[in-house]
Number of protein chains: 2
Amino acid sequence: MTRPVSALTRSSRHELHPVLLAAADAAQRTYLHARAAHSRAELEAVIGIGADGTPTMYIDDLVETAILEVSAAHGVNVLSEEAGFIDHGSALTLVIDPLDGSANAAAGVPLACFSAALAEENHFTQALTRWLDGNRQWAAAHGTTVGPEPLRTTGRSDLSGAALSLLRPQTANRSAWDRLSRQAGRVRVLSCSTLESALVLTGAVDAFADPGGDVHRLVDLAAAVVLADVAGGCVLDAHDRPIELDLDLTHRWSGIVAATSELAHAVQAQIAG
Amino acid sequence: MTRPVSALTRSSRHELHPVLLAAADAAQRTYLHARAAHSRAELEAVIGIGADGTPTMYIDDLVETAILEVSAAHGVNVLSEEAGFIDHGSALTLVIDPLDGSANAAAGVPLACFSAALAEENHFTQALTRWLDGNRQWAAAHGTTVGPEPLRTTGRSDLSGAALSLLRPQTANRSAWDRLSRQAGRVRVLSCSTLESALVLTGAVDAFADPGGDVHRLVDLAAAVVLADVAGGCVLDAHDRPIELDLDLTHRWSGIVAATSELAHAVQAQIAG
């Protein structure tokens with residue numbers, strides 16, 4: 001029922017490397033078809049372990065396969081969640097989360113995204129996150145917003161009363177989760193990191209965090225790094241590890257995406273305890 | 001960018017009272033226009049206190065006003081969040097949440113719904129919940145699903161490992177929230193009760209609950225009562241108060257919407273402590 005949104009941003013397409021839009025279109029087409037053609041049990045069946053060390057669902061594999069087919073034609077290197085690093089000898093590396101929010105996607109919770117960032121040499125310069133269930137996407141290239149969705153945070157610096165999005169509470173993050181949720185004015189748990197990051201960077205939410213659980217992979221955070229630069233936001237790791245191109249997808253971060261550097265550091269301080 | 005979905009279900013329109021579709025179309029049109037035409041600050045400005053005793057935002061008022069205009073032509077009584085009970089001397093009463101997820105709607109988190117149930121004399125017989133940000137709606141009339149979205153729960157009875165949606169943690173529900181989230185396999189907080197109910201009743205989530213905070217009004221739960229009857233789900237109040245037509249919108253419930261009666265009672269037991 002939802003069509004790929006690239007038609008909406010045709011006037012700005014030239015600002016993004018075409019591989020970003022081609023990959024997003026392939027992801028969205030495949031996702032929508034998979035949701036229509038397969039049962040939940042089929043979509044969430046685990047078919048292996050990806051390069052990131054986590055289980056690969058059938059729906060993850062369908063979407064990634066479609067993306068790799070179209071991106072191969074563009075000759076860029078690809079670092080993707082399940083397949084790992086595919087070296088085409090290019091100076092450009094596309095870092096992709098083919099289907100962020102896989103559990104939502106397989107179950108039928110309409111919160112799943114394609115998200116990718118393009119690194120030139122080792123520096124992220126372009127990014128596109130597309131919400132696959134609705135006609136919205138967020139993109140930036142070389143410090144400029146691309147497309148109709150403005151990127152600007154709320155500018156909030158105070159954690160007390162802030163609207164937070166958090167990874168779901170689990171054993172490894174429970175105490176930090178409790179500290180953050182008690183200070184927040186509102187907490188959401190959407191189970192889709194790249195969407196939650198985009199909501200911070202459009203000013204819908206003040207901050208998003210993995211509260212110290214070390215769940216985030218580079219593919220969950222790379223687009224936010226580029227979009228935050230345009231939006232005036234801040235992306236940190238809870239333990240101050242740099243968020244930069246790294247070809248080992250088993251590495252983990254506890255990402256914090258916030259409206260301001262002050263708010264990001266306030267969240268970081270609560271995670272430290 | 002998103003158009004009202006009634007065209008998608010034209011073949012089934014005759015099964016729903018036309019006031020439900022007219023009201024949903026008015027809500028969606030007004031919501032999408034308001035999001036495009038106004039800033040977040042304008043949309044979330046509090047302009048008064050509604051009949052339900054909670055603050056009315058400007059966006060709530062815009063959407064409800066549009067709904068009341070179209071529903072007046074149908075001659076049914078209306079019970080709506082801000083306006084309260086409007087008596088047209090009809091045997092039919094439309095119980096409406098014009099804009100569920102107002103905080104999401106004003107901020108720009110794409111999780112807001114129109115939701116309504118129609119009571120014949122005092123019995124709810126028809127309902128329609130429409131997700132205003134995407135082309136999906138869930139409807140039933142006289143024990144039958146209306147439209148393309150199937151209504152069927154996961155059938156899960158075991159709370160341990162279940163996928164739960166919960167109202168956000170607050171002081172009044174914190175201990176029950178902690179008990180439930182520790183038993184759950186996955187927790188989401190979407191801040192849109194009627195959407196979260198619909199996700200239970202389509203089998204995307206196992207259960208949704210207000211963990212004893214007495215936050216739910218009749219308008220948050222009425223559609224779920226009708227949809228659950230078709231989906232094989234169960235709608236309970238945590239304190240066993242009946243969920244039935246009640247013209248006093250200051251009354252509150254702690255709603256539980258679950259895949260099965262067993263799961264609903266397991267959630268209820270955790271809320272009781």
Side-chain angles (χ1 to χ4, degrees), chain A residues 1-3 5 7-8 32 35-36 39-41 44 101 103-111 131-137 148-150 152 154 163-171 174 177-178 180-182 184-192 195-196 198-206, chain B residues 1-3 5 7-8 32 35-36 39-41 44 101 103-111 131-137 148-150 152 154 163-171 174 177-178 180-182 184-192 195-196 198-206:
Chain A
M1 289 184 280
T2 304
R3 291 185 309 165
V5 297
L8 296 172
L32 295 173
R35 291 278 316 143
S39 69
R40 173 174 176 172
E44 69 190 7
N104 288 344
V109 175
L111 297 170
W131 177 35
L132 300 178
D133 300 277
N135 285 328
R136 293 180 70 180
Q137 68 178 25
E149 286 269 358
R152 190 174 57 195
T154 60
L164 301 185
S165 240
L166 297 174
L167 290 204
R168 60 195 164 100
Q170 292 187 285
T171 305
R174 176 76 62 169
W177 206 101
D178 284 349
L180 286 168
S181 67
R182 285 172 195 273
R186 178 175 286 275
V187 172
R188 295 180 179 89
V189 178
L190 307 187
S191 292
C192 183
L195 177 64
E196 290 168 291
L199 292 174
V200 172
L201 301 172
T202 55
V205 170
D206 295 311
Chain B
M1 290 185 281
T2 304
R3 292 184 311 166
V5 297
L8 297 173
L32 295 173
R35 290 278 316 143
S39 69
R40 173 175 176 170
E44 69 189 8
N104 287 343
V109 176
L111 298 170
W131 177 35
L132 300 177
D133 300 276
N135 284 328
R136 293 179 72 181
Q137 66 178 26
E149 286 268 358
R152 189 174 59 194
T154 59
L164 302 184
S165 241
L166 297 174
L167 292 202
R168 61 195 163 101
Q170 292 187 285
T171 306
R174 176 76 62 168
W177 206 100
D178 285 348
L180 286 167
S181 67
R182 285 171 195 273
R186 178 175 286 273
V187 172
R188 295 181 179 88
V189 179
L190 308 186
S191 293
C192 184
L195 177 64
E196 289 169 291
L199 292 175
V200 173
L201 301 172
T202 54
V205 170
D206 295 310

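Scope of the values below: all heavy atoms of this structure, side chains included, with no hydrogens, waters or symmetry mates.
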A:Arg174 side chain to B:Ser181 side chain, donor-acceptor N/O pair below 3.5 angstrom: yes

Contact class of A:Ala106 relative to chain B, heavy atoms under 4.5 angstrom: neither

Choice from A:Leu199, A:Leu195, A:Thr154 maximising heavy atom contacts with chain B below 4.5 Å: A:Leu199

Any side-chain heavy-atom pair of A:Val200 and A:Ser165 under 4.5 Å: no

Most contacts with chain B, counted as non-hydrogen pairs under 4.5 angstrom, among A:Leu166, A:Thr171, A:Asn104, A:Val205: A:Asn104

With sequence neighbours excluded, residues passing side-chain hydrogen bond (donor to acceptor under 3.5 Å, both in side chains) with A:Thr202: none

Which portion of B:Ala163 sits near chain A, non-hydrogen atoms under 4.5 angstrom: neither

Side chain / backbone / both / neither for A:Arg188 at chain B, heavy atoms under 4.5 Å: both

Least distance between heavy atoms, B:Arg168 atom then A:Gly185 atom: NH1-O, 3.1 Å

Partner set under side-chain hydrogen bond (donor to acceptor under 3.5 Å, both in side chains) for A:Arg35, not counting sequence neighbours: none

